[in-house]
Amino acid sequence: MPIVVQKYGGSSVADVSKLQKVAEKVVASRRAGNDVVVVVSAMGKTTDELLALAHQVDESPPRRELDMLVSTGERVSMALLSMAIQKHGVDAISFTGSQSGIITNDRHFDARIIEVRPHRVEDELARGKVVIIAGFQGMSYKREITTLGRGGSDTTALAMAAALGAEHAEIYSDVDGVYSADPRKVADAQHLPELTYDEMQAMAEAGAKVLHAQAVEAARQARIRIHARSTFDQGTRRETVVSENAAEGPGAVVGLPSLALVRLPDCEPSAVLGFLRESSVRPRAFIAQGRSASFELGTGTVPDWSGIRDTLTTRFQAEIDEGLGSATFVGRAAGHKSEAMLQVLDELGIVPRHTRVEALSAGVVVDGDRLDEVVGGLHARLVG
Ligand code: ADP
Ligand code: ASP
Ligand code: MG
């Protein structure tokens, strides 16, 4: 039987009635003759709420305990979904990340999957059951519970699809695919029917949260097509397919809020990189020239930022500019767009802090309170 891997995000399972609709979709796919594996996220805003709880106890909480805490969110939705499916008379079983064989490195709150051993999943599929897997979590080789970074349930789905030999994975959320900008923020964002892995990964890394960057990487390595769809699409069947080959589209503009620009006028760059690695923090655009260095950091997904910021200023005498945002054009024409980008900023009366041009992307760093305006302006000029 063909194996179908479906992932449902937090908004798709936000309450019991939505969860029951998801159960109906899963049951329909099972009754159509598929072996179905379902990856679920935590219900609604559960992960944010758990993080807020932790921050009430400690402004800079220990990451191991954060993983113990936030991994419970997906455990709730997996169990409830399994119950809802069984109510239809279809056999189902839920597994945590560790039970489903997701083995990661030991970087708490930002772990990478190093291996998937899906034997229990395969056994239960062979018994005719639908298998529900808690997204976003795994177990390190030290047998510790880890999580895969915000949005990491997508990565669970793609890693599992690869391990099971599925040829595609279906990622269901509250949008019917990927757009040329966040459709919640830019009214005339265009639907993109197809994208290459490279384009989608560049978008995810620039901050488009519709798909997790590591999920795209996993899909590329195993050559698995990603179908990004809406859970409750009212029958339009619109989707975005991410694969190796795709016709060139108009490109996309991606905004990333909560960006910090860190400058270290006099440091040992390798010591700074060592500290960032030990803190499980991934800098963007790290540049060192002699004893001076600088990098960017999206702090919105760093749960212990306040402690890391303190160490950067006290131990490394860092100068930190917070409250910035980046706006990035992603597309094959990126190399030719930077001049027009700077014109748009000029018209808005903004001098960017940073401008960067890479193979598939061109980006600017601006004050966070002007970010939406910049993204809208760039989209209108470069894509619209
Ligand atoms: P889920 O909880 O299902 O994983 P996410 O919230 O992680 O869903 O991702 C879907 C959201 O991504 C959408 O609601 C949309 O606001 C946002 N988004 C950001 N950029 C884009 C884009 N370029 N195309 C589509 N959605 C985007
Ligand atoms: N629940 C996790 C988060 O909110 C993982 C996910 O939704 O993919 O980041
Ligand atoms: Mg997501």
Side-chain angles (χ1 to χ4, degrees), residues 6-14 18 22 39-52 66-67 69-78 97 109-111 133-138 146-159 169-193 195 199-216 226 228-233 238-240 242 249-257 300-303 327-331 371-372 375 378-379 383:
Q6 302 183 332
K7 177 256 167 178
Y8 293 93
S11 55
S12 308
V13 291
K18 288 189 171 146
V22 167
V39 174
V40 269
S41 294
M43 294 171 78
K45 302 262 171 242
T46 301
T47 309
D48 290 330
E49 287 159 13
L50 291 170
L51 281 169
L66 274 181
D67 278 348
L69 179 71
V70 296
S71 58
T72 62
E74 272 68 13
R75 208 161 158 152
V76 171
S77 41
M78 75 176 198
F109 209 77
D110 190 29
I133 297 174
F136 176 54
Q137 55 179 270
T146 52
T147 60
L148 306 175
R150 296 306 306 271
S153 297
D154 298 337
T155 300
T156 305
L158 268 304
E170 301 164 6
I171 305 292
Y172 291 95
S173 72
D174 57 355
V175 273
D176 55 4
V178 183
Y179 282 71
S180 59
D182 186 340
R184 281 176 208 296
K185 299 217 160 131
V186 176
D188 56 356
Q190 298 171 32
H191 183 263
L192 306 174
L195 284 166
E199 289 164 330
M200 188 62 237
Q201 199 169 350
M203 283 182 72
E205 276 162 6
K209 64 174 193 159
V210 59
L211 283 173
H212 199 231
Q214 274 81 49
V216 185
I226 304 176
R229 298 175 181 161
S230 161
T231 309
F232 310 112
D233 77 344
R238 209 147 75 140
E239 63 171 359
T240 296
V242 184
V253 179
V254 179
L256 176 73
T301 50
V302 180
T328 308
F329 172 84
V330 177
L371 179 61
D372 287 349
V375 168
L378 291 177
H379 186 269
V383 180

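For ligands, and for the atoms within them, numbers begin at 1 and follow the listed sequence.
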So which atom in [X] and which in [Y] form the shortest heavy-atom distance, rounded to 0.1 Å?
X	Y	result
S11	D174	OG-CB, 3.5 Å
K18	S12	CB-O, 3.4 Å
A213	E205	CB-CG, 3.9 Å
V330	A202	CG1-CB, 3.6 Å
H212	T155	ND1-OG1, 2.6 Å
T156	F136	OG1-N, 2.8 Å

For ligand 1 and [X], I'd like to know whether there is a polar contact (N/O to N/O, distance under 3.5 Å).
X	answer
Y179	yes
G10	yes
D182	yes
S180	no
S12	no

Hey, are the side chains of L192 and P250 touching, using non-hydrogen atoms and a 4.5 Å cut-off?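 Touching, per the 4.5 Å side-chain cut-off.
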Provide the number and element of each atom of ligand 2 under 4.0 Å from a heavy atom of R150.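 It comes down to these atoms of ligand 2: 3 (C), 4 (O), 9 (O).
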Relative to the heavy atoms of S41, which atoms of ligand 2 are at a distance of less than 4.0 Å?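 Near S41, meaning under 4.0 Å from one of its heavy atoms, ligand 2 has 6 (C), 7 (O), 8 (O).
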Using only atom types and a distance under 3.5 Å, with no angle test, would you say the side chain of [X] pairs donor to acceptor with the backbone of [Y]?
X	Y	answer
S180	Q190	yes
E74	A42	yes
T147	S71	no

For G177 and ligand 1, answer yes if some heavy atom of the residue is under 4.0 Å from a ligand atom, otherwise no.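 G177 counts as a contact of ligand 1 under the 4.0 Å cut-off.
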Could you establish whether S41 and ligand 1 come within less than 4.0 Å of each other, counting only heavy atoms on the residue side?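 No, that is not the case, since the closest heavy atom of the residue is not under 4.0 Å from the ligand.
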Fit a plane to each ring of Y172 and Y8, take the angle between them on a 0 to 90° scale, and name the class: parallel (under 30°), tilted (30 to 60°) or perpendicular (over 60°).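 Ring orientation, 0 to 90° scale: parallel.
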Of all the atoms in ligand 1, which lie at a distance below 4.0 Å from a heavy atom belonging to [X]?
X	value
M203	23 (N)
G9	1 (P), 2 (O), 3 (O), 4 (O)
P183	24 (N), 25 (C), 26 (N), 27 (C)

Which residue and heavy atom of the protein sit nearest [atom], plus the separation:
atom	result
atom 8 (O) of ligand 1	S173 CB, 3.8 Å
atom 10 (C) of ligand 1	D174 OD1, 3.6 Å
atom 4 (O) of ligand 1	K7 NZ, 2.9 Å

Distance from L50 atom CG to L69 atom CG, nearest 0.5 Å?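 Spacing of CG (L50) from CG (L69) equals 4.5 Å.
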Tell me whether ligand 2 is touched by G152 - counting only heavy atoms on the residue side and a distance under 4.0 Å.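 Within the 4.0 Å threshold, so yes.
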Between L148 and Q214, is a side chain to side chain contact (heavy atoms under 4.5 Å, CB included) present by the stated rule, with each step listed? CA-CA 9 Å; L148 306 175; Q214 274 81 49; over 6 Å; no
Relative to atom 6 (O) of ligand 1, which among K209, R184, H212 owns the nearest non-hydrogen atom?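 Nearest heavy atom to atom 6 (O) of ligand 1 lies in K209.
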Just go through V210, T240, V253 and tell me whose heavy atom is the nearest to atom 12 (O) of ligand 1.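 Shortest heavy-atom distance from atom 12 (O) of ligand 1: V210.
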How does [X] reach ligand 1, if at all, at less than 4.0 Å between non-hydrogen atoms: by side chain, backbone, both, or neither?
X	answer
A181	backbone
K185	neither
R150	neither

Test your reading of the structure: does [X] have an N or O sitting under 3.5 Å from an N or O of ligand 2?
X	value
D154	no
G151	yes
S153	yes

I'd like to know if R150 and D48 make a salt bridge, using a cut-off of under 4.0 Å between side-chain N and carboxylate O.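 Between D48 and R150 there is a salt bridge, with a charged N closer than 4.0 Å to a carboxylate O.
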Are side-chain N/O atoms of D67 and T146 paired as donor and acceptor at under 3.5 Å?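 Not at all, the side chains of D67 and T146 share no donor-acceptor pair under 3.5 Å.
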Which bit of H212 is near ligand 2, meaning a heavy atom under 4.0 Å away: side chain, backbone, both or neither?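 Neither; no heavy atom under 4.0 Å.
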